[in-house]
Protein chains: 2
Amino acid sequence: MSKKTVSAASDTETRATSEHAPDLRLWLRTLACTNLIENHIRSRLRAEFDITLPRFDLMAQLERSPQGLKMGELSKRMMVTGGNVTGITDQLVAEGLVVREDSPKDRRAYIVKLTPEGRRSFRKMAEAHEKWVVELFVGMDENQRGQLYELLAVLKTSAAKAAGKK
Amino acid sequence: MSKKTVSAASDTETRATSEHAPDLRLWLRTLACTNLIENHIRSRLRAEFDITLPRFDLMAQLERSPQGLKMGELSKRMMVTGGNVTGITDQLVAEGLVVREDSPKDRRAYIVKLTPEGRRSFRKMAEAHEKWVVELFVGMDENQRGQLYELLAVLKTSAAKAAGKK
DNA sequence: ATGGAAATATCGATGCCTAAATTATCAAAA
DNA sequence: TTTTGATAATTTAGGCATCGATATTTCCAT
């Protein structure tokens, strides 16, 4: 009867099987959605602004903290390791988009800030970025978006708790 | 009145500002959830089985396609580039967990399959993996999980459409 | 004060990931 | 045939990401 896998799946979710726990299927679907959107945004950022997603993300954090952030704060907020932040910051410094200033309070720490050019550059990109995101969610109605937002809050709490206590 | 940012945010979602479009906040929350869960699973896979998440994912694809998969099919299903699949497969071959067989139909292509050891090894890991996922979702009730699952289907369709054309 | 634990950032090794170029094969048309 | 174009996989170069180790500095209990 050749079920002939609907093929051309192109999708992480295909990892799920009917025997799998519903939670697993739910997780794989979540992952598939995120990858789809993230990959799309990543390639558009590259194509249209010649910037990488991690650099954009770091700049976004600084945009909303005009007083600047310490490396460790960036690391926490971006949910990546400290060594990683060091590397991304190096690149952005080399491009003149951010600066590392010595912290007056703590000689171990730096305060990272957007440069004027960095701020200008980011604002232009952020505008386009937001438009792309809106496009990607346009197939959901107002109500669905609201529900999804609330459900993800529940999930976040659940996962943070489970992940936190080892 | 110093709202004083609830701080200790530790969260990508902090990128959102009240001025941001609701869609953007929704997207950032989605991303935060995924990162939280994915990072947790990644570190447990490493700690308990000394394997990376990408290798686990590749093996998971093969587990449910016992006839084997071509490199390109793996690439599509995992939503990563072909060059990436080449590298991950190399590692798994070196570990004796998968094999590359010549395709009888097409001399350009390989068929990748789990070895008996790979299958045995994967099944043990998958069992633990599924348990972790269940733990992470335990804070959502049955109804919420069902709703989330359906809403993500809508999102996936929406995003695939928007990302596809253009 | 001071000695030890914790915090801040960086570095080095390793592996993932992409984009672009390359090699080899296939398939279909001139 | 032989050319043409597409497809399958790899390779290369650059950047992202983790982990573990290191050097400095800070904090605190003595």
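Chain A is the first sequence line, chain B the second, and so forth, proteins listed ahead of strands; every chain is numbered from 1. Treat the numbers as computed from the prediction; the structure is a model and nothing was measured.
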Using a cutoff of under 3.5 Å, can you pull out all pairs of nitrogen or oxygen atoms linking the protein to nucleotides 5-9 of chain C, with atom names and distances?
unit_1, atom_1, unit_2, atom_2, d
dA7(C), N3, Arg108(A), NH1, 2.8
dA9(C), OP1, Met71(A), N, 3.3
dA9(C), OP1, Tyr110(A), N, 3.2
dA9(C), OP1, Tyr110(A), O, 3.4
dA9(C), OP2, Gly72(A), N, 2.6

Checklist entry - Looking at Arg44(A) and Glu135(A), does any basic side-chain N land under 4.0 Å from a carboxylate oxygen? => result yes

Checklist entry - To the nearest angstrom, how far is Lys105(B) atom NZ from dA8(D) atom P? => result 15 Å

Checklist entry - How would you list, by chain and number, every residue that makes a salt bridge (Lys or Arg N to Asp or Glu O under 4.0 Å) with Glu117(B), sequence neighbours excluded? => result none

Checklist entry - So with a 6.0 Å cut-off around CG of Asp141(A), is the heavy-atom count from everything else above 12? => result yes

Checklist entry - Rounded to whole angstroms, how far apart are CD1 on Ile51(B) and P on dG15(C)? => result 13 Å

Checklist entry - Excluding sequence neighbours, so at least two apart, what forms salt bridge (Lys or Arg N to Asp or Glu O under 4.0 Å) with Arg108(A)? => result Asp106(A)

Item to check | Polar side-chain atom of Thr89(A) near backbone of Val85(A) as donor-acceptor pair, under 3.5 Å | outcome: yes

Next on the checklist: Does this structure show an ion pair linking Arg145(B) with Asp23(A), if we count only N-O contacts that are shorter than 4.0 Å?
Outcome noted: yes

Next on the checklist: From CG of Asp102(A) over to P of dT10(C), roughly how many Å is that when rounded to an integer?
Outcome noted: 11 Å

Next on the checklist: If you compare every side-chain N and O of Arg107(B) against the phosphate oxygens of dA24(C) (OP1, OP2), does one of them come in below 4.0 Å?
Outcome noted: no

Checklist entry - Tell me: CG of Leu53(A) to C1' of dG14(D), nearest whole Å? => result 16 Å

Next on the checklist: So, using salt bridge (Lys or Arg N to Asp or Glu O under 4.0 Å) as the criterion, who are the partners of Glu73(A) when residues are at least two apart?
Outcome noted: none

Next on the checklist: Rounded to whole Å, please give me the gap between CG in Leu58(B) and P in dA9(D).
Outcome noted: 13 Å

Please list, for nucleotides 15-18 of chain D, all pairs of protein and nucleotide N/O atoms separated by less than 3.5 Å.
unit_1, atom_1, unit_2, atom_2, d
dC16(D), OP1, Thr52(A), OG1, 2.9
dC16(D), OP1, Arg55(A), NE, 3.1
dA17(D), OP2, Asn84(A), ND2, 3.4
dA17(D), O5', Asn84(A), ND2, 3.0
dT18(D), OP2, Thr81(A), N, 2.6
dT18(D), OP2, Thr81(A), OG1, 2.8

Checklist outcome for this item: Taken to the nearest whole Å, CG/Leu74(B) to P/dT7(D) is 19 Å

Checklist entry - Please, which pairs that meet ring pair (Phe, Tyr, Trp, His ring centres under 6.0 Å) have at least one residue in residues 74-108 of chain B, sequence neighbours excluded? => result none

